[in-house]
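Here the structure is laid out as structure tokens; the discussion comes afterwards.
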Amino acid sequence: MGADSAASHDEASARRIALVTGAAGDIGRAVAMRLAGDGIAVVLADHEAAADRLDETQRRCAAMTGASATTTTFDVTDAGSVRDALTAVASEYGTPDLLVNNAGYQGRFANVVDVPLDDAARVLDVNVMGVLTVLQAFAAQLREEGRGGAIVNTASMAGVAGAPNMVAYSASKAAVIALTKSAAKDLAGDGIRVNAVSPAFIGPGAMWDNQVARQAEVASAYYGDDPATVARQMIDQIPMRRYGSVDEVADVIAFLLSDAASYLTGVNIEIAGGAS
Ligand SMILES: NC(=O)c1ccc[n+]([C@@H]2O[C@H](COP(=O)([O-])OP(=O)(O)OC[C@H]3O[C@@H](n4cnc5c(N)ncnc54)[C@H](O)[C@@H]3O)[C@@H](O)[C@H]2O)c1
């Protein structure tokens, strides 16, 4: 972990600190930059394998006015690593009171009959157990200190409506929505709000490119067999006739973390251009 800020622990406990997982990715980076731009200290987390892209997020956040940024790497499914990282962050930087629980894995695209079960298990592990593991470690720290906070879990419209060729991903994101509602009830007494966002198609970026290419490769009643056709068919599902931007997702997450959402908990906001 390399902190840019020399703020003391006492100063740190008084300021807002946001832990953002999946911060090397497109949405995580946009959220981190949005929060940093608001003057919130950000702790940027991702898998060790994404360390280079994580450093790039850190550079961009540190360049924002009034921001400080630090990085930490862990696999969200490794509870010991998650706890160790959060303990190190708390002692060196301050205990985060905001969590963007955003790391996610789309998995292999295949019809439900063909889906590789080991890959489906990994999707569920990262997207459900990973979200639960980070949420638990984060909330335990705040409860220990008797402080409130706010959490936003990144779900998906796939979890609301079910996406073709994405059975494990869809199931995992439905679980994130249910997990959010349940955790909101468990943590309301601690002053910790828990909400979710469900983006539809977000682009441009790695996930958009990947899902357009992968859907084109899989025989399906829903999509054609070339990426340009799939892209058009996806956009045609959206009443606003465009994909959303990462900044539009970041705006909603920043709102849910802010005091402007102080009476919202257990809510899932669909960021979907009118799709449902
Ligand atoms: N982009 C979209 O169209 C879209 C739509 C709906 C929901 N989402 C969700 O938004 C979130 C962010 O997506 P994105 O578009 O930025 O994707 P992305 O692939 O750019 O970013 C995901 C990040 O999660 C990290 N990650 C994956 N597995 C991890 C693990 N086990 N431990 C730690 N980090 C891990 C990756 O390294 C990556 O940096 C995901 O949860 C995704 O499911 C994305």
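Values below: all heavy atoms of this structure, side chains included; hydrogens, waters and symmetry mates excluded. All values reported here derive from a predicted model rather than from experimental measurement.
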query = In the single-linkage hydrophobic clustering (I, L, V, M, F, W, Y; side-chain heavy atoms under 4.5 Å), do Tyr169 and Leu132 co-cluster?
reply = yes

message = Side chains of Thr77 and Asp75: any donor to acceptor distance under 3.5 Å?
response = yes

task = May I ask you to decide if Ser258's main-chain N or O and Arg16's side chain share a donor-acceptor pair within less than 3.5 Å?
result = no

message = If the threshold is 4.0 Å, N to carboxylate O, is there a salt bridge linking Arg108 and Asp114?
response = no

key: Cluster check Ile177, Val197: I/L/V/M/F/W/Y, side chain < 4.5 angstrom   = no

What pairs of donor and acceptor atoms, side-chain ones from residues 202-211 against any protein atom, are under 3.5 angstrom apart with sequence neighbours left out?
unit_1 : atom_1 : unit_2 : atom_2 : d
Asn210 : OD1    : Arg214 : NH1    : 2.6
Asn210 : ND2    : Gln106 : OE1    : 3.1

query = Cluster question for you: counting only ILVMFWY and a side-chain heavy-atom cut-off of under 4.5 Å, with indirect links fine, are Val249 and Leu264 together?
reply = yes

ask   = Can you get from Leu135 to Leu142 by hopping between Ile, Leu, Val, Met, Phe, Trp and Tyr side chains that sit under 4.5 Å apart?
value = yes

Check: Val152 main-chain N/O paired with Asn195 side-chain donor or acceptor under 3.5 Å = no

query = Short question: side chain of Ser182, backbone of Leu179 - any donor-acceptor pair under 3.5 Å?
reply = no

inquiry  = Between Thr21 and Asn102 (side chain of the first, backbone of the second, donor and acceptor by atom type, cut-off under 3.5 Å), is there such a pair?
reply    = yes

ask   = Under 3.5 Å, is there a donor-acceptor pair between the side chain of Gln136 and the main chain of Thr133?
value = no

key: Polar side-chain atom of Arg29 near backbone of Gln58 as donor-acceptor pair, under 3.5 Å   = no

inquiry  = For Gly159, is there any backbone N or O sitting under 3.5 Å from a side-chain donor or acceptor partner on Ser170?
reply    = no

inquiry  = Checking Asp190 now: which residues fulfil side-chain hydrogen bond (donor to acceptor under 3.5 Å, both in side chains) with it, not counting sequence neighbours?
reply    = Arg143

ask   = Salt bridge between Arg53 and Glu56, side-chain N to carboxylate O under 4.0 Å?
value = no

message = For Asp251, is there an ion pair with Arg34 - N to carboxylate O distance below 4.0 angstrom?
response = yes

Donor + acceptor pair across side chains of Ser198, Glu270 (<3.5 Å) = no

query = Any donor-acceptor pair under 3.5 Å linking the side chain of Asn165 with the backbone of Asn111?
reply = yes

Can you list, pair by pair, the side-chain donor-acceptor contacts under 3.5 Å of residues 228-238, counting residues two or more places apart and other chains?
unit_1 : atom_1 : unit_2 : atom_2 : d
Thr229 : OG1    : Asp226 : OD1    : 2.5
Thr229 : OG1    : Asp226 : OD2    : 3.1
Gln233 : OE1    : Gly224 : N      : 2.8
Gln237 : NE2    : Tyr223 : OH     : 2.8

query = Quick one: do Val128 and Ile151 end up in the same hydrophobic cluster if we chain Ile, Leu, Val, Met, Phe, Trp and Tyr together by side-chain heavy atoms under 4.5 Å apart?
reply = yes

Under 3.5 Å: donor-acceptor pair, side chain of Asn153, backbone of Thr180 = no

